[in-house]
Amino acid sequence: METKNNKLQTIEEAIGPVDFTGLKLTAPSQYAAGVPAVKIALEHAMKEMGLAKSIATLSKLNQKEGIDCPGCAWPDPDKRSNLGEFCENGVKAIAEEATNKRVTPAFFEQYSVKEMSEWSDFKIGKSGRITHPMVLRKGTSHYVPIEWDEAFELIGHHLHLLDDPNQAVFYTSGRSSNEAAFLYGLFARKLGTNNMPDCSNMCHESSGAGLFQTLGIGKGSVTLEDFQYADVVMVIGQNPGTNHPRMLTALEKCRQQGGKVVSINPLKEAALVRFKNPQEVKGIVGNGAAISDHYLQVKINQDVALLKYIMKRLVELDREEAGVIDWDFIKANTNGAGELLKDLDSYSKNDLITQTGLSLDEVEPIVKLLAERKKVIICWAMGLTQHKNGVDNIRECVNLLLLKGSIGIKGGGTCPVRGHSNVQGDRTVGITHHVSPKLNASFERTFNFKPPTKEGLDVVHCIKSMYEGEAKVFMALGGNFLSAASDTNYTAKALQNCELTVSVSTKLNRTHLITGKTSLILPTLGRTEKDESDGQSRFVTVENSMGRVHRSLGRIDPASEHLMSEPEIVSRIAKSYFKDDFSIPWNRLGTDYDFTRSKIAEVFDGFKDYTERSKKAGFDLPNHARKGDFSKLPGGVAKFSINQLPDHDLKENEFLMMTIRSHDQYNTTIYGLDDRYRGIYNERRVVLIHQNDIEKLGLKANEVVDLISEYNGVERKAENFIIVPYDIPEGNLASYFPEANVLIPNDQFATLSNTPISKSVRVSILKKN
Ligand SMILES: Nc1nc2c(c(=O)[nH]1)N[C@H]1C(S)=C(S)[C@@H](COP(=O)(O)OP(=O)(O)OC[C@H]3O[C@@H](n4cnc5c(=O)[nH]c(N)nc54)[C@H](O)[C@@H]3O)O[C@H]1N2
Ligand SMILES: Nc1nc2c(c(=O)[nH]1)N[C@H]1C(S)=C(S)[C@@H](COP(=O)(O)OP(=O)(O)OC[C@H]3O[C@@H](n4cnc5c(=O)[nH]c(N)nc54)[C@H](O)[C@@H]3O)O[C@H]1N2
Ligand SMILES: [Mo]
């Protein structure tokens, strides 16, 4: 007899429950961090870890001999506080991983997959750390324990059943170490596929694409030290107070040295207004420090219009008085300046300003600042990359920097602020769906096989392939693919079409609950945990947002004795697939990380004496843009580019909506229900909207609505959102990721980078009766 408890999973639960948790509103905060941040962080730590573990873990955070914080990829200063490099959301990230709660086989016996999928993401995430490898067998309702060996055999078996290795997909989320990611990429290539979608496809792919075309390297050019020398730091489309809190210290230092900070963001994010540094006494007792000298509340996705206006004005001012534009730099190092000037000429200043929604009084001071000053850093994150024209956004920033001669100098350059703590490292050591003949040759030289030459699938294309029944085995090294991707229902169907889905995970998430016909969860060690082999502790390495590679050494006891390290899991899968083919020493690669690193150093440039140099402060990877060397680009010079203004083709009553992070989440992991700085408490199903738009639509604050998106004649609906009047430009909306992902079609992504348009979704608001 079927009871509630043994019903099978259905697609309905892909988006989770849509009921409310009880909204409370206050005025948005006027500053970030300070005492409340410390208090709240410690509350989280105590609740999840208890006192002794909190002290043991937090004191080792981001110390030179300690744990690399899994929170974000912002670099550590050379001089570190004895407290550990503290930040509220870093502590929350650690507490979430080092929690004392456990998801055991008994837990899985108690709750069916369907029951768990009816829980909110918050509740799913708070269940705790997964302790045993688990399998959901075809046609069953519950996960049951499985021995590691059997799990590896099962994966090998499914991979052998495929007609073509391109029917397998290997996703990576950016928390994996260099060692694990390298082995994973090696395994996929040896198997014969480049299907290596990565979380960066949804994240900074537009940055990589834009920077690579114009400057010859997909990474940023500045170092942390540059912030002390910068004349101007522009922070565009980024909310560092929540997502990269340690960056605020760098901005504060920049201002102390006389630099100016300009923030460009549709929302007035508290942390970009004032910051109370919790590491300093004055941050505890005083009013804190102002962060932004200027704040431009640009309309969503009008950054290109704003940048064009600024550049147009700089060119005008340079004609009046030489020295505003750095023509010597331009002549020696770039091409395409003539075309750029022509392009700028074709726009009217009035039109550009109107598009931005800003006034001349707001923008002209920035023009003046940039005219007078030379050393400019531009920082950005998802506010620029997740649009149809995400790559254009980045290239337009590069145009401005090149006009100022501000690349390859101390105190100036590009600063894409990365998301996941090792997303950059994973890409560096070979996680990419693109084919590079040079890289293939390196793999062939080192491991004596021919890597595949067919381009692989990225995130949106692998979802399409699974949806259409092409790809049949999906494996994820970390992450929560279902909730992170766009078009939740479509992605759910795609995953359910697979014969096998495999998640290497630390914690339970929705991707474990909407699965292929057979599903495996392989529990792994987190960054905080001791990784031992034969009684010897091992360390892994990671690369921060500025290209520095360093080690991370776990300090606390693993959540369960049944966990396996990621490099070991990957190598055991490979071994079980390749059986009698001993040409690659999988065993040793998965256990002896020094050996793995020696192989990374053979394949990739810049890793000489890898193990030794990764200790202490670590080492910087080669970065020619940082040195002003563009010789790797065709013609040996940096490129100006021509970028278009976006065209959203909004109908009457349609809005542009950005899907953003609250202060209480790490991507799809919901730490809590409060977005403290924005004054939104105990509720995530909210839509932020300007008061005039509320009136125009005849709505009221607190009213419940549905959000509708319509693309190519197909309607998608996100139910039950509460109207919250907010200081946001008219015509714009904001809601939280991942609740609103259901509205973003899988086929709406940025030109060139294929990054989903998570920050400019066309939606209309449907009143409920
Ligand atoms: N605590 C915590 N830390 C994190 C994460 C987390 O979820 N929680 N996630 C990590 C990851 S993977 C990433 S990628 C980063 C993300 O870091 P962010 O990019 O800072 O995160 P988002 O919340 O997506 O914020 C985007 C910001 O861009 C603004 N914005 C949106 N659209 C536009 C636009 O068109 N123009 C401009 N100028 N601004 C715009 C929004 O108002 C918002 O302030 O953070 C990383 N660190
Ligand atoms: N609408 C919308 N969608 C977005 C975004 C947006 O701004 N708006 N942002 C996009 C961005 S920038 C990103 S980066 C993606 C994020 O996409 P993902 O990286 O796929 O998602 P996360 O939520 O970071 O993944 C969380 C899960 O990772 C696992 N995990 C945590 N630590 C470890 C570890 O050390 N090892 C392993 N193996 N597993 C671990 C846990 O099981 C946890 O449940 O989402 C994207 N999606
Ligand atoms: Mo990200």
Side-chain angles (χ1 to χ4, degrees), residues 70-74 87-90 92-93 96-97 124-125 129-130 171-177 180 198-204 235-245 263-267 269 272 296-303 306 380-387 393 417-423 459 476-486 503-512 521-528 566 569 656 658-669 671 728 732 734-741 743-744 755-761:
C72 77
W74 188 256
C87 99
E88 175 189 342
N89 278 343
K92 287 184 191 163
E96 199 71 19
E97 178 173 300
I124 292 173
R129 288 287 299 276
I130 304 162
Y171 173 69
T172 314
S173 160
R175 279 220 188 158
S176 293
S177 60
D198 181 57
C199 69
S200 52
N201 301 151
M202 301 180 263
C203 181
H204 265 294
V235 183
I236 316 186
Q238 194 203 344
N239 180 20
T242 288
N243 299 313
H244 310 91
S263 290
I264 300 176
N265 196 312
L267 301 181
E269 305 286 20
L272 289 170
L296 300 183
Q297 277 185 271
V298 68
K299 275 189 196 282
I300 290 177
N301 201 210
Q302 292 304 338
D303 302 273
L306 176 61
W380 69 87
M382 298 305 99
L384 287 193
T385 61
Q386 296 174 328
H387 301 279
N393 278 337
V417 186
R418 301 284 161 180
H420 268 303
S421 52
N422 196 39
V423 60
V459 165
L477 189 62
N480 178 8
F481 191 79
L482 169 68
S483 305
S486 320
S503 294
V504 179
S505 308
T506 50
K507 300 195 73 177
L508 193 66
N509 64 50
R510 204 167 284 284
T511 305
H512 304 138
I521 305 176
L522 306 180
T524 191
L525 295 170
R527 202 65 77 63
T528 49
E566 288 185 344
I569 292 175
L656 268 196
M658 52 182 176
T659 57
I660 55 177
R661 291 157 171 79
S662 84
H663 190 61
D664 235 359
Q665 72 184 85
Y666 194 93
N667 299 339
T668 68
T669 299
Y671 297 145
I728 183 172
N732 290 173
S735 62
Y736 296 129
F737 141 59
E739 284 78 357
N741 285 33
L743 294 169
I744 310 169
T755 299
I757 54 155
S758 307
K759 295 288 187 276
S760 43
V761 197

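Read the numbers this way: they start at 1 and go in the same order the structure lists the ligands and their atoms. Computation of the quantities below employed the complete heavy-atom set of this structure, encompassing side-chain atoms and omitting hydrogens, waters and symmetry-equivalent molecules.
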Subject >> Selection from Pro738, Ala484, Cys203 by shortest heavy-atom distance to atom 14 (S) of ligand 2 >> reply: Cys203

**OP:** For atom 13 (C) of ligand 2, state which one of Glu96, Glu566, Arg418, Arg661 supplies the nearest heavy atom.
**Re:** Arg661

**OP:** Give the numbers and elements of all ligand 2 atoms closer than 4.0 Å to a heavy atom of Val504.
**Re:** 37 (C), 38 (N), 39 (N)

Original post:
Do any N/O atoms on Ser176 end up under 3.5 angstrom from N/O atoms on ligand 2?
Top reply: no

Subject >> Polar side-chain atom of Thr511 near backbone of Leu482 as donor-acceptor pair, under 3.5 Å >> reply: yes

Original post:
Has ligand 1 got any nitrogen or oxygen that is less than 3.5 angstrom from a nitrogen or oxygen of Asp303?
Top reply: yes

Original post:
Polar-atom distance check: Thr506 versus ligand 2, any N or O pair below 3.5 Å?
Top reply: yes

Original post:
Considering distance alone, does some N or O of His420 sit under 3.5 Å from an N or O of ligand 2?
Top reply: yes

Original post:
Of Gly419, Gly241, Ser758, Ser662, which has the heavy atom at the shortest distance from atom 11 (C) of ligand 1?
Top reply: Gly419

Subject >> Residue portion contacting ligand 1 (non-hydrogen atoms closer than 4.0 Å) for Glu269 >> reply: side chain

Subject >> side chain to side chain donor-acceptor pair (under 3.5 Å) partners of Lys507, counting only residues at least two apart >> reply: Glu96

**OP:** Return a yes/no value for Asn243: is any of its N or O atoms, backbone included, closer than 3.5 angstrom to an N or O of ligand 1?
**Re:** yes

**OP:** Would you check the N or O atoms of Ile264, main chain and side chain alike, for any that come under 3.5 Å of an N or O of ligand 1?
**Re:** yes

**OP:** Applying side chain to side chain donor-acceptor pair (under 3.5 Å), name anything that partners Ser505, two or more places apart in sequence or on another chain.
**Re:** His512

Original post:
What about Gln665: any of its N or O atoms under 3.5 Å from an N or O on ligand 1?
Top reply: yes

Subject >> Heavy atom of the protein closest to atom 42 (O) of ligand 1 (residue, atom name, distance) >> reply: Asn265 OD1, 2.7 Å

**OP:** Check each of Ser200, Gly237, Gly479 against atom 39 (N) of ligand 1 and report the one with the nearest heavy atom.
**Re:** Gly237

Original post:
Going by the atom numbers of ligand 2, which of them fall below 4.0 Å from some non-hydrogen atom of Thr524?
Top reply: 36 (N), 37 (C), 38 (N)

Original post:
Looking only at heavy atoms, is any part of His387 under 4.0 Å from ligand 1, and if so is it the side chain, the backbone, or both, or is it neither?
Top reply: side chain

Original post:
So which bit of His244 gets within less than 4.0 Å of ligand 1, heavy atoms only: side chain, backbone, both or neither?
Top reply: side chain

**OP:** Closest by any non-hydrogen atom to atom 7 (O) of ligand 2: pick that one out of Lys507, Lys759, Met382.
**Re:** Lys759

